Amino acid sequence: MLDRRFVVEHADQVRKNIANRQMDVPFDRFLELEEERKVLQQQVEEQRAQMNELTKKSGLSVEERREQGQVLKKSLKDLEERLAPLASEAESIFMRIPNLTDDASPVGEEADSETIGYGAAEKQEFDFTAQDHIQLMENAGMLNLEAAAKVSGSGFYYLVGDGALLELAMMRFALDHVMKSGFTPVLTPDLARDKLMEGTGFVPRGNESNTYHLEDMDLNLIATSEITLIGMFADEILDASNFPLKVVGQSHCFRSERAHGSATRGIYRVHQFSKTEMVVVCLPEQAEEIHMEMRKLEQEIFDALGIPYRVLEIATGDLGAAAYRKFDLEAWMPGRQGGSWGEVTSTSNCTDFQARRLKIRYRDEDGKPKYAATLNGTAISICRAMIALVENHQQADGSIKIPEVLQPYMNGKTEIKPLKEKGQAA
RNA sequence: GGAACGGUGGCUGAGUGGUUGAAAGCGGCACCCUGCUAAGGUGUUAAUCGGGUUUGUUCCGGUUCGAGGGUUCGAAUCCCUCCCGUUCCGCCA
């Protein structure tokens with residue numbers, strides 16, 4: 001959330017920002033309510049002040065106190081009852097107001113996001129018909145979708161043999177890479193309370209929810225370890241001399257994907273996947289530089305894997321509520337008909353928006369608590385990165401070359417060969 | 001799941017109805033002492049919202065002792081519900 005005072009004092013800016021983000025927030029209603037609320041609030045506070053004064057005043061008999069107190073109490077209650085609905089409506093609108101936006105973000109919808117760079121690897125020109133990741137991986141005995149459908153339903157998958165090893169290799173490589181930049185590895189809980197889900201921008205329940213909620217319990221399967229990583233710092237006043245706090249988590253991520261009806265083939269959109277996620281808590285003035293560093297790390301990982309990609313500066317209409325600025329990496333996926341770009345990473349600078357909601361603070365030079373800045377970014381997200389990897393590194397015979405940087409994590413193996421007969425591994 | 005005991009400021013920890021926003025200690029900060037270090041001395045040190053203001057580290061007021069309700073003229077303190085923690089028991093990888 002934003003600073004309440006700022007919102008009122010910069011109403012035009014906030015209103016314009018909501019429009020740029022193509023969000024539907026009844027902002028002017030909020031301003032109205034807020035004005036009424038303030039008037040009432042002041043009356044309530046005045047009444048309370050009188051009550052407090054009465055309590056402290058000496059030389060009154062118990063009867064006198066009781067008599068005067070009861071009168072004050074009643075009028076206070078009336079005022080409070082008028083205030084409550086105003087305050088709660090104002091609050092619910094207030095919580096929906098999105099973060100401000102960096103001037104660098106193009107104004108517009110998803111399609112208006114700008115390509116601002118490309119990876120080091122060139123798109124391959126195959127002299128054969130490219131296969132998609134399902135064919136490649138099933139033929140190599142790396143993937144079993146049928147068994148997963150039987151066991152868990154659509155949107156799940158088994159990684160088998162070299163598929164399983166490849167995931168572990170990619171995760172470990174990405175982890176080692178970001179650790180060189182000072183990120184501390186963290187394994188987090190896979191479940192989190194509603195409050196944390198909401199605080200990090202996920203909707204735990206209802207139709208708009210994209211996450212799994214455990215029935216009758218205040219627990220949810222995490223949609224990303226960002227939730228639990230950020231949660232470590234919630235409600236804390238941190239020692240800024242340790243900033244920036246850089247952590248990298250590895251976890252399974254669970255998404256119900258109810259909002260998307262489109263049944264994307266294969267493992268592009270799934271209910272469960274593994275992801276290595278970076279999270280940083282820092283001073284507001286450090287955020288931009290760290291955001292660039294995180295983007296660079298993401299690019300380095302995909303460059304090292306030899307996967308062609310483009311870098312997008314995300315348009316206002318496609319920013320999450322918490323993001324002030326966001327970069328996505330989209331990898332080239334040649335197995336799709338004619339090939340196309342698919343999102344593989346995303347890094348957001350949330351400024352102090354997320355921290356304000358979750359009360360992540362530090363002390364400034366004057367010893368006053370201030371809200372920290374938070375950032376997050378994907379180091380590697382397995383299904384999608386794996387699709388890009390196998391499709392870009394496929395050979396005419398259906399074998400898959402393993403990028404050099406992964407070979408040490410694959411027991412020195414340099415390529416994955418297709419099985420002679422389909423389905424043999426399962 | 002059952003039982004007992006707890007949840008107070010950056011931390012530890014007093015406080016069972018009326019100047020208690022909260023003793024004390026630690027930590028932090030400032031100053032003093034000190035050849036250096038260590039030790040010592042004095043003072044200071046919660047957050048948040050609103051109003052006022054010569055926009056100002058100055059004043060006034062509200063709220064906050066896990067959360068939410070209730071009792072009361074008055075609640076950290078009494079009652080109810082919920083959440084969380086510790087310990088013991090049960091179950092179990």
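Heavy atoms only: backbone and side chains are in, while hydrogens, waters and symmetry mates are out. Throughout, a chain's letter reflects where its sequence line sits, starting with A, and its residues are numbered from 1. Remember, predicted model here, so these are calculated numbers, not experimental data.
- One P atom belongs to B/rC89, the other to B/rG17, and the distance between them is 36 Å to the nearest Å.
- If you take atom C1' in B/rA23 and the same atom in B/rU77, they sit 16 Å apart, rounded to whole Å.
- Of all nucleotides present, only B/rC60 satisfies the Watson-Crick or G-U wobble test against B/rG50, with each distance under 3.5 Å.
- With a 3.5 Å ceiling on both atom-pair distances, B/rG17 lacks any Watson-Crick or G-U wobble partner.
- In this structure, A/Asp352 does not pair ionically with A/Lys370, as no charged nitrogen and carboxylate oxygen lie closer than 4.0 Å.
- Across all strands shown, B/rC65 remains unpaired; no Watson-Crick or G-U wobble contact has both distances below 3.5 Å.
- B/rU44 and B/rC49 are spaced 25 Å apart, taking the C1' atom of each and rounding to whole Å.
- Taking the salt bridge (Lys or Arg N to Asp or Glu O under 4.0 Å) definition, one finds that A/Lys326 meets it with nothing, sequence neighbours left out.
- The distance between atom CZ of A/Phe233 and atom P of B/rG10, rounded to the nearest whole Å, is 18 Å.
- Contact between the side-chain N/O atoms of A/Arg37 and the OP1/OP2 oxygens of B/rC49 is not found at any separation under 4.0 Å.
- For A/Asp24, there are no side chain to side chain donor-acceptor pair (under 3.5 Å) partners, not counting sequence neighbours.
- For the pair A/Arg4 and A/Phe94, the distance from NZ or CZ to the six-membered ring centre is under 6.0 Å and the angle to the ring normal is within 45 degrees.
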Produce the list of close N/O pairs, under 3.5 Å, pairing protein atoms with atoms of nucleotides 79-85 of chain B; give distances to one decimal.
none

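- Atom name C1', nucleotides B/rC84 and B/rU45: the rounded distance is 29 Å, in whole Å.
- The cationic atom of A/Arg295 (NZ for Lys, CZ for Arg) lies less than 6.0 Å from the six-membered ring centre of A/Phe327 and within 45° of the ring axis.
- A/Arg357 and A/Glu198 are not joined by a salt bridge, as no carboxylate oxygen comes within less than 4.0 angstrom of a charged side-chain nitrogen.
- Taking a cutoff of 4.0 Å between a charged side-chain nitrogen and a carboxylate oxygen, A/Arg37 and A/Glu34 qualify as a salt bridge.
- Here the side chain of A/Arg363 is nearest to one of B/rG51, B/rG61, B/rA47, namely B/rA47.
- For A/Arg336 and A/Tyr268, the positive end sits near the middle of the six-membered ring, less than 6.0 Å away and at most 45° from its axis.
- Nucleotide B/rA93 has no partner under the Watson-Crick or G-U criteria, as no pair reaches both atom distances under 3.5 Å.
- In this structure, B/rG25 forms a base pair with B/rC11, meeting either the Watson-Crick or the G-U wobble geometry with both donor-acceptor distances under 3.5 Å.
- Between A/Lys195 and A/Asp235 there is a salt bridge, since at least one side-chain N of the basic residue sits less than 4.0 Å from a carboxylate O of the acidic one.
- Across every strand in view, B/rG6 sits in a pair with B/rC84 that passes the Watson-Crick or G-U test at under 3.5 angstrom.
- One C1' atom belongs to B/rU8, the other to B/rU71, and the distance between them is 23 Å to the nearest Å.
- Residues that satisfy the salt bridge (Lys or Arg N to Asp or Glu O under 4.0 Å) test with A/Asp239, not counting sequence neighbours, are absent from this structure.
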All N/O pairs under 3.5 Å across the protein-nucleotides 63-72 of chain B interface:
residue	atom	partner	partner atom	Å
B/rU63	OP2	A/Asn52	ND2	3.3

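- Residue A/Arg361 is the one, among A/Gln42 and A/Arg361, whose nearest nucleotide of RNA chain B lies closer to the 5' end (criterion: closest heavy atom).
- For the C1' atoms, the distance linking B/rA22 with B/rA46 amounts to 10 Å, nearest Å.
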What side-chain donor-acceptor pairs closer than 3.5 Å can you find for residues 168-188 of chain A, not counting sequence neighbours?
residue	atom	partner	partner atom	Å
A/Arg172	NE	A/Asp176	OD1	3.1
A/Arg172	NH2	A/Asp176	OD1	3.4
A/Asp176	OD2	A/Tyr409	OH	2.5
A/His177	NE2	A/Glu300	OE1	2.7
A/Thr188	OG1	A/Thr228	OG1	2.7

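- A/Tyr362 has its OH atom 14 Å from the P atom of B/rA47, to the nearest Å.
- Here the P atom of nucleotide B/rC49 and the CG atom of A/Leu2 are 14 Å apart, to the nearest Å.
- Nearest nucleotide to the side chain of A/Leu54, out of B/rG62, B/rA47, B/rC73: B/rC73.
- Heavy-atom contacts from other residues, nucleotides or ligands closer than 6.0 Å to CD of A/Glu9 number more than 12.
- Comparing B/rC26 with B/rU42, their P atoms sit 12 Å apart, to the nearest whole Å.
- Spacing between atom CD of A/Gln41 and atom P of B/rC60 amounts to 20 Å, rounded to whole angstrom units.
- As a whole-Å value, the separation of A/Glu45 CD from B/rG52 P is 13 Å.
- Taking atom CD of A/Gln47 as the reference point, atom C1' of B/rG74 lies 16 Å away to the nearest angstrom.
- Nucleotides B/rA47 and B/rG66 are separated by 16 Å at their C1' atoms, to the nearest Å.
- One atom, NZ of A/Lys368, and another, P of B/rU48, lie 7 Å apart when rounded to the nearest Å.
- Of the two residues near RNA chain B, A/Val44 and A/Met51, the one whose nearest nucleotide lies more 5' is A/Val44.
- Across all strands shown, A/Arg4 has no heavy atoms under 4.0 Å from either base or sugar-phosphate atoms.
- The partner of B/rU34 cannot be assigned: no Watson-Crick or G-U wobble pair with both contacts below 3.5 Å exists in any strand.
- Summarising the geometry, the separation between CD on A/Glu80 and C1' on B/rG62 is reported as 11 Å, rounded to the nearest angstrom.
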